[in-house]
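Below is one structure, written out as structure tokens, with a few remarks after it.
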Amino acid sequence: MSSYRELLQAVKAEIEEADAAGAQSLVDEGAVLIDVRERDEWEQGRIPGAVHVPRGNLESRIEQAAPDRSRPVVLYCAAGNRSAFAAKTLGELGYERPVSLAGGYTDWQRNGFPTDLPRTLGPARQTRYSRHLLIPEVGEEGQLRLLDSRILLIGAGGLGSPASLYLAAAGVGKLGIVDADVVDETNLQRQIAHSTDSLGEPKTDSARRRIESLNPDVEVVPFRERLTSENIERILEPGWDVIVDGADNFPTRYLVNDASVWHDIPVVHGSIFRFEGQVTVFKPGDGPCYRCLFPQPPPPDMAPSCAEGGVLGVLPGVIGSIQATEALKLALGIGELLVGRLLLYDALSGEFDEMKLRRDPACPVCGDEPTITEYVDYVEFCSGPLSSPATAHAGRSPAPPTPAAADGAELSRPVPRSTVPSGSPPPAAAEETGTVGH
């Protein structure tokens, strides 16, 4: 029976090894760098650009870290032994050029090559976010990115409640909440950030207490005020990465849109009414803005509130959770965002539909030649009559926006298709692409 030393010598005779300089050259040429040490070793220092795949998880996780088997893979451990066995394993898995770093991380340091002394989560956070750490697209670096993220929620009502709780649970480090309302009994059917104990309390205070009890890692920045042209610059001053739009009125919606374009902040937009909801992402420079879709607000008779028409209590949970998902994807820089796509959900039929959205080159805010470059009187704009076809923006007949106003820091509703008059134009810059998820 062979000894460990003999087995190691036999393995090294079969694989390719490289010294520190050779390994650096391979990495410079595009090789994938894999650290096969244990987590405690990884946390004490690593080679810049390395992906951590412990030797015990190599077979199950290497395809995610290095999906292209034709691309060279440089593996390292502390002294070059575990990485030698790892290189042999990759060869057996069909990788064309696995290379073990001779002498490992110790020799790399000894020769003066660069190292990272990483910022780590620590034992308590590793436990709390352990399910995120298992996801290759998130991992420890992604979780640290979330802890550094800053997300502003407009409203702490039907959609702001589930969105804020899931963002807090995920470990978003700073959550701003803008809301001027207080909690009342009609909110409790759907606004899960609040409770009977918080009746009469400002929603910002109620939500802050609930979030901090859920995750002490999260800093909540409350703004107990209605968003206006006068205070928006102050509220945006901390430099938010994402805005989750939970406005309860059209002036605020248009205000958020214009500010987000000028400050280059993506907005996760959603809306609910009765059994129907919708979500999209407005990302400046990458797709349409709110004004591209809805150049004019609808007349009051086409915008009944949830107080007038009602809303299924669980619906905000569905739409708000999707908004939180899009916000996390933006913060992490992963996945395919709902930019240029309007996701529609019908709770009664259990169906998701999708509409493609296109940017309007003549949009007065994000268009090629913008005509609105500073804040306007949004209340006057939204209370005025709809433009006539002769004066409609970009020469089009104005279409009523799919959303309409909602109550209590909830989002605007989509107009149910069954109630859209025959021959009504679709939302500006939108085209239906069929049903998803049948």
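Because the structure is predicted, anything quoted here is derived from the model rather than measured.
A salt bridge does not link D241 with R145: every distance from a Lys NZ or Arg NE/NH1/NH2 to an Asp or Glu carboxylate oxygen is 4.0 Å or more. Look at D286 and K283 and you find a salt bridge, because one of the NZ, NE, NH1 or NH2 atoms lies within 4.0 Å of a carboxylate O, short of that distance. The pair R208-D205 does not count as a salt bridge, with every side-chain nitrogen at least 4.0 angstrom from each carboxylate oxygen.
Note that OG1 of T115 and CD of Q109 are 5.5 Å apart. Values are rounded to the nearest 0.5 Å. The NE2 atom of H263 sits 10.0 Å away from atom CD of E237, with the distance rounded to the nearest 0.5 Å. Between the CG atom in L315 and the CD atom in E276 there is a gap of 9.0 Å [rounded to 0.5 Å]. Rounding to the nearest 0.5 Å gives a distance of 12.0 Å between NZ of K329 and CD of E137. Put simply, CD1 on I232 and CG on L255 are 3.5 Å apart, with the number rounded to the nearest 0.5 Å. Rounding to the nearest 0.5 angstrom, the gap separating the CG atom in D148 from the CG atom in L144 is 7.0 Å.
With hydrogens and angles ignored, the 3.5 Å screen pairs a side-chain donor or acceptor of Q143 with a backbone N or O of A170. Distance alone, capped at 3.5 Å, places no donor-acceptor pair between the N257 side chain and the R253 backbone. The backbone N or O of K203 sits nowhere less than 3.5 Å from a side-chain atom of S206 that would complete a donor-acceptor pair. When atom types are taken as modelled, the side chain of W108 and the backbone of G103 share no donor-acceptor pair closer than 3.5 angstrom. Using a distance-only test at 3.5 Å, with no hydrogens or angles considered, no donor-acceptor pair links the side chain of S260 to the main chain of P266. Under the 3.5 Å distance criterion, the side-chain polar atoms of R341 are left unmatched by any main-chain donor or acceptor of E354. Here the side chain of Y105 pairs no donor or acceptor atom with the backbone of R37 at under 3.5 angstrom.
Enclosure of atom CD in E212 by more than 12 non-hydrogen atoms of other residues, nucleotides or ligands within 6.0 angstrom is indicated. Other residues, nucleotides and ligands place no more than 12 heavy atoms under 6.0 Å from the CZ atom of R224. In R234, the CZ atom is crowded: over 12 heavy atoms of neighbouring residues, nucleotides or ligands sit closer than 6.0 Å.
Side-chain contact between E63 and L93 is absent, with no heavy atoms from C-beta onward closer than 4.5 Å. At a threshold of 4.5 Å between non-hydrogen side-chain atoms, the residues P316 and S161 do not count as touching.
Nearest heavy atoms, V53 versus A65: CG2-CB, 3.9 Å.
R226 forms no cation-pi arrangement with Y378, by the criterion of a distance under 6.0 Å to the ring centre and an angle within 45° of the ring axis.
The one candidate from Y290, W262, Y254 that meets the side-chain contact (heavy atoms from CB on, under 4.5 Å) condition with V365 is W262.
S195 and D197 share no side-chain donor-acceptor pair at under 3.5 Å. When only modelled atom types and interatomic distance are considered, Q24 and D28 share a side-chain donor-acceptor pair under 3.5 Å. Between T89 and R55, the side chains place a donor N or O and an acceptor N or O closer than 3.5 Å (distance only, hydrogens not considered).
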